[in-house]
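Side chains are part of it too, since the values below use all heavy atoms of this structure and drop only hydrogens, waters and symmetry mates. A, B, ... follow the sequence lines: proteins, then strands. Residue 1 opens every chain. Please read all numbers here as calculations on a predicted model, not as lab measurements.
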Number of protein chains: 2
Amino acid sequence: MDRARVGLKDVARLAGVSVKTVSNVVNGYIHVTPATRTRVEAAIKELNYRPNLSARNLRQGRTGIIALAVPELDTPYFAELAKFVVAAAEERGLTVLIDHTGASREREQLVAEGFRARLIDGLILSPLALTPEDLSARMDDTPMVLLGERVYEGPADHIVVDNVAAAKEATLHLASLGRTRIAAIGSQDTVAAESSRLRLEGYRRALKEAGLPLDDRLVVPAEEYHRADGARAMAELLDSGAAPDAVFCFNDLLALGALRTLLERGLAVPGDVALAGFDDIEDGRYGTPTLTTISPDKRAIARQAVGLLAGRMAGTSGQAREFRVPYQLMIRESSGG
Amino acid sequence: MDRARVGLKDVARLAGVSVKTVSNVVNGYIHVTPATRTRVEAAIKELNYRPNLSARNLRQGRTGIIALAVPELDTPYFAELAKFVVAAAEERGLTVLIDHTGASREREQLVAEGFRARLIDGLILSPLALTPEDLSARMDDTPMVLLGERVYEGPADHIVVDNVAAAKEATLHLASLGRTRIAAIGSQDTVAAESSRLRLEGYRRALKEAGLPLDDRLVVPAEEYHRADGARAMAELLDSGAAPDAVFCFNDLLALGALRTLLERGLAVPGDVALAGFDDIEDGRYGTPTLTTISPDKRAIARQAVGLLAGRMAGTSGQAREFRVPYQLMIRESSGG
């Protein structure tokens, strides 16, 4: 069918819903049941329907551009997430510009204030430095959706993964292999370290549930979450005599760094030390051994974020809400999978 | 020293140059010798001088925002490059928004036309789909700097790495280990595949120089440059009976995929097959074995691109120029380093 001729009506007919419902889905309103949304999205896809957003944007004085602001673009997790956000936005006729904040409070603030010049219609922000107070004090009224653990009960819609439950599941998996000296790499004691705190909490709960003692020597901090930090932390752990037989790392980059140290020291993974990470970045699927990890549904995060933002941009009002997206434990070679 | 009080004059005094020269460096003009530029940049750093660009921007009706448009953000090479561009721009008081084009011609065109709405003051574009004709026909006069091999002798300043020389050096290194069946992974026959063509040319020249015969069975195509493509290509190569004892992959992701296949098949790297890639992404420095690769100076690419762009934004006129940035062969474990 000729794309130019496909309208809301055609989508509504195929999906067996009202035109209003299709419009609600297209605009990302949240008052649509998942089943209906799925049906409408299938019809949109089948008919190759594209909302004519650029005309609407012009009429409404909009740019059709949203910003995605992340702390670190060269962290594969955020790079992969950015790709999904661009794809989800494209389906709605929106262009995404990506901002790399370097986790600087000043820069996160600049973004949250709409780059001063109202260049963007909406913002998806993954804050690491801004406080809830900063965000509440925000002067700009550009619609915003927050990602991650930094700000709860804030002034904006918020998308999270259940970090405690996910970390607990990963740790329990290591315990289920019969490992009793399970270490954790990635603890942090800065104020900003909300995900670290939650993942540590999940790790602790798992040990308790598995009847394993908590040993502080098995918990190693990491200043940042890069490969180099993981490699260093693993070396510390081995040198300390804590003798771990498994390690849960708070992200995959830490785990990949830790893996390198283990192999350099002649230890077998998972034979001597089993290993699990968090994020499910592509690197972990191609290393040797492949990496067991928690896989947050990045596509769902992106679609949810863009959908919510589009809804707010279209005028959805109401209290800020929190959405949890699913995750999955991927058992791979580093823990015997 | 108080940052607010540091001015061009202070920088000029410390660097022992004229105020005009400092201004030239700050504005990214190209008529400054490297030695002078280095001296001025050192003084800027020591004094923590920040050009007051936002005031100037406002006066000149500018946004202070430049765009960096890359084909794939979840390719570590571009993610790492983006980080350096953000840092280089920050030194000049510029904000970078990053656009992920997905190598779509339509989207590259949208970017090259300044997002229609003149949101940006300048653009750094790494085109994969646009033709030189597209770029010459560009209506928008937003200053632009091009990265990569897609467009030569185009209408804009252009930054490249010498792909032929780099690929030749990597291949000659493999030959220097006594390997005689050196394969290449990553050939492409689409029009857009300029880097692939140049790297293949370098590979061929190296074989010739080393006195090794060209064997077409040793050259394997890759549709895209991701890990999965490298894994697949390596499997093909092994199944074909071409019996390689070394492989030069046209980027690191291909090499990491190929490495996974080799280890899965029980082959030793570099014992049975030596391996080299291109890009020097962080993943390759932490894998086991670590990856030999060509390391383009990404920081230099970023600084050069932002400097040139700032110069054009400040009104530097004159013909479009081409700049070559240095690269280095990093010999690591995958070729016995």
Side-chain angles (χ1 to χ4, degrees), chain A residues 54 57-58 62-65 67-69 72-87 90 95-102 104 107 110-111 115-117 119-120 226-228 230-231 253 256-264 269 281-290, chain B residues 54 57-58 62-65 67-70 72-87 90 95-102 104 107 110-111 115-117 119-120 226-228 230-231 253 256-257 259-264 269 281-290:
Chain A
S54 39
N57 287 339
L58 289 177
R62 291 185 181 165
T63 59
I65 295 180
L68 168 69
E72 290 196 300
L73 254 182
D74 56 338
T75 296
Y77 174 77
F78 286 117
E80 291 179 12
L81 182 65
K83 186 173 183 170
F84 286 121
V85 169
V86 168
E90 203 157 53
T95 300
V96 183
L97 289 178
I98 299 158
D99 188 70
H100 168 109
T101 62
S104 122
R107 197 160 163 93
L110 176 69
V111 175
F115 298 102
R116 297 191 190 113
L119 294 178
I120 53 167
H226 298 158
R227 292 177 184 86
L253 289 182
L256 291 168
L259 176 61
R260 173 74 196 164
T261 298
L262 287 164
L263 299 179
E264 269 176 5
V269 178
I281 61 176
E282 204 190 77
D283 324 30
R285 297 199 285 274
Y286 282 86
T288 302
T290 52
Chain B
S54 38
N57 288 338
L58 289 177
R62 291 185 181 166
T63 59
I65 296 179
L68 168 68
V70 297
E72 290 196 300
L73 253 182
D74 57 338
T75 296
Y77 174 78
F78 286 116
E80 292 179 12
L81 182 64
K83 187 172 182 170
F84 286 122
V85 169
V86 168
E90 204 157 53
T95 299
V96 183
L97 290 177
I98 299 159
D99 188 69
H100 168 109
T101 61
S104 120
R107 196 158 163 95
L110 176 69
V111 175
F115 298 102
R116 297 195 189 108
L119 294 178
I120 53 168
H226 298 157
R227 293 178 182 85
L253 290 181
L256 291 168
L259 176 62
R260 174 75 195 163
T261 299
L262 286 164
L263 300 179
E264 269 176 5
V269 178
I281 61 175
E282 204 190 78
D283 324 28
R285 296 199 286 275
Y286 282 86
T288 303
T290 53

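With respect to A:Leu73, the side chain to side chain contact (heavy atoms under 4.5 Å, CB included) criterion is satisfied by exactly one of A:Asp99, A:Leu68, A:Thr101, A:Ile98: A:Ile98.
Contact count against chain A (heavy-atom pairs under 4.5 Å) is highest for B:Arg227 among B:Glu282, B:Arg285, B:Glu264, B:Arg227. Looking only at heavy-atom pairs under 4.5 Å with chain B, the residue among A:Ile281, A:Thr261, A:Leu263 that has the most is A:Leu263.
Heavy-atom distances place no part of B:Thr75 under 4.5 Å from chain A, backbone and side chain included.
Between B:Thr288 and B:Leu259, the shortest heavy-atom contact is O-CD2, 4.3 Å. In terms of heavy atoms, B:Tyr286 sits closest to A:Ala231 at CE2-CB, 4.1 Å.
Considering CG of B:Asp283 and CG of A:Leu256, their distance stands at 8.0 Å, rounded to 0.5 Å.
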